[in-house]
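Working notes, structure below.
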Protein chains: 2
Amino acid sequence: MKQASAVLVIDDDPDVLLAARLALTGGVERVDTESSVDGLDRRLAAASYEVALVDMNFVAGCRDGQQGLDALGSILQIDPTLSVVLMTAYGGVTLAVEALKRGAADFVLKPWRNDKLVAAVGAAAGLTRGRRNAQPLELDALERQAIERALARHERNITLAAAALGLSRAALYRRMAKHGL
Amino acid sequence: MKQASAVLVIDDDPDVLLAARLALTGGVERVDTESSVDGLDRRLAAASYEVALVDMNFVAGCRDGQQGLDALGSILQIDPTLSVVLMTAYGGVTLAVEALKRGAADFVLKPWRNDKLVAAVGAAAGLTRGRRNAQPLELDALERQAIERALARHERNITLAAAALGLSRAALYRRMAKHGL
DNA sequence: GGAGCACTGTTCATTTTCGAACACTGCGCG
DNA sequence: CGCGCAGTGTTCGAAAATGAACAGTGCTCC
């Protein structure tokens with residue numbers, strides 16, 4: 001099924017923005033561009049993006065990608081469900097690893113191959129959708145899961161598990177029976 | 001606080017195993033080594049490791065790291081709480097990104113700097129401990145969280161939120177009151 | 001205007017759940 | 001052995017949660 005998706009591309013180089021737009025158009029519903037990381041808050045609130053594609057180097061002569069990592073942090077703080085794909089021309093393994101460890105969905109090197117970029121953005125959009133659709137389970141199922149975990153963690157010692165769950169032993173018995181454990 | 005931690009190192013090169021042992025001894029409680037990815041199941045069940053440090057290239061002439069990715073998958077399937085640090089001499093950004101996306105805790109290049117390796121393994125051990133100590137919340141708190149999320153997701157529409165949680169509207173009102181929402 | 005609709009907030013007889021108490025089973029220990 | 005301890009599984013009157021029903025509020029549409 002074809003999915004509508006909105007992507008926000010952030011880079012200080014207009015050429016890159018244009019190239020990204022051309023590469024992504026057709027693959028995604030909408031491509032917005034932004035040349036700075038300022039005012040992200042409003043930007044992200046205004047339209048509900050599914051992917052942010054962010055450059056890591058905004059300051060000339062500064063190639064360590066720190067701005068990108070900072071932007072990543074800001075974006076995830078604003079919306080933890082939004083997938084962030086980072087891109088850089090100067091990246092090494094160390095930077096890529098750091099980016100992923102900090103929660104980036106993917107990491108692409110400039111210059112990119114258009115099909116790879118589309119694939120990365122598509123996969124990231126899928127991640128976002130997955131996170132956003134992850135509706136809280138029904139309370140019943142949630143309780144069942146929690147009880148199972150608590151029992152496992154305490155090696156089926158009902159007394160301890162009950163205490164950990166914050167209920168009386170008798171109550172845990174009843175709920176175990178209810179859930180068929 | 002100094003933490004006891006057990007590390008399992010897997011590499012087909014005895015020199016690498018020795019180097020790893022030397023680098024890690026002192027930094028961690030115990031270092032076990034293994035020269036193959038076979039029989040991981042028993043190995044992991046026998047001792048409770050906090051980190052697995054795994055080489056990505058077991059087959060001569062095959063440098064794409066596929067074995068490492070497979071091993072990563074196997075290990076996480078056996079014990080999802082165990083942090084896996086991958087290492088390779090031939091890695092590029094692409095491989096590193098793939099490894100992290102598949103759930104590796106970190107990715108180090110051979111030859112490593114001993115202090116970096118110790119730091120990576122230490123951080124990974126911390127991750128494992130965090131995951132393992134993440135005891136299921138008390139049922140009450142869990143319910144509160146679920147209710148908050150459901151309300152947020154449905155823009156405070158009580159009727160919809162109640163349906164999503166699998167309880168009646170009146171019940172949701174009561175629980176909201178109980179939790180002070 | 002007013003009928004239809006979707007949602008809110010509350011009431012109350014009925015049903016469920018609560019936990020303290022009890023009896024029982026191992027198990028280590030002097 | 002006899003004692004204490006830690007755990008299990010069950011009982012029962014008291015207390016709390018349940019959901020159908022109701023009245024109220026704000027809309028949209030004709």
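Letters go in sequence order (proteins before strands), and every chain restarts at 1.
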Legend entry - chain A footprint on DNA chain C, 5' to 3' - any atom under 4.0 Å from a heavy atom: C:dT17 to C:dA20
Pairs under 3.5 Å (N/O, protein and nucleotides 6-13 of chain D):
residue	atom	partner	partner atom	Å
D:dG7	OP1	A:Asn157	ND2	3.4
D:dT8	OP1	A:Ile158	N	2.9
D:dT8	OP2	A:Thr159	N	3.1
D:dT8	OP2	A:Thr159	OG1	2.7
D:dG9	OP2	A:Tyr173	OH	3.1
D:dG9	N7	A:Arg169	NH1	2.9
D:dG9	O6	A:Arg169	NH2	3.0

Inset, instruction - Name all residues meeting the salt bridge (charged side-chain N to carboxylate O under 4.0 Å, His left out) criterion together with A:Asp38; count only those two or more places apart in sequence or in a different chain, and write none if there are none. - result: none
Inset, instruction - Ignoring hydrogens and angles, tell me if any N or O in the side chain of B:Ser5 forms a donor-acceptor pair with the backbone of B:Val28 under 3.5 Å. - result: no
Legend entry - For A:Arg131, salt bridge (charged side-chain N to carboxylate O under 4.0 Å, His left out) partners two or more places apart: none
Legend entry - Euclidean distance, atom CE of residue B:Met176 to atom P of D:dT18 [Å, nearest integer]: 14 Å
Legend entry - B:His179: partners by side chain to side chain donor-acceptor pair (under 3.5 Å), with sequence neighbours left out: none
Legend entry - Selection: residues 146-154 of chain A, any non-hydrogen atom under 4.0 Å of DNA chain D: none
Inset, instruction - Provide, to the nearest angstrom, the distance between the CZ atom belonging to B:Arg175 and the C1' atom belonging to D:dA17. - result: 8 Å
Inset, instruction - Not counting sequence neighbours, which residues clear side-chain contact (heavy atoms from CB on, under 4.5 Å) with B:Glu138? List them please. - result: none
Inset, instruction - For B:Arg132, check salt bridge (charged side-chain N to carboxylate O under 4.0 Å, His left out) against everything at least two apart and list the hits. - result: B:Asp79
Inset, instruction - Any chance you could pull the hydrophobic cluster mates of A:Leu160, using side-chain heavy atoms under 4.5 angstrom and chaining through other members? - result: none
Legend entry - Any pair counted as side chain to side chain donor-acceptor pair (under 3.5 Å), so long as it reaches residues 157-169 of chain A, sequence neighbours left out: none
Inset, instruction - Could you tell me which residues satisfy side chain to side chain donor-acceptor pair (under 3.5 Å) with A:Lys116, sequence neighbours excluded, listed by chain and number? - result: none
Inset, instruction - Apply salt bridge (charged side-chain N to carboxylate O under 4.0 Å, His left out) to A:Arg113 and list each qualifying residue two or more places apart in sequence or on a separate chain. - result: A:Asp115
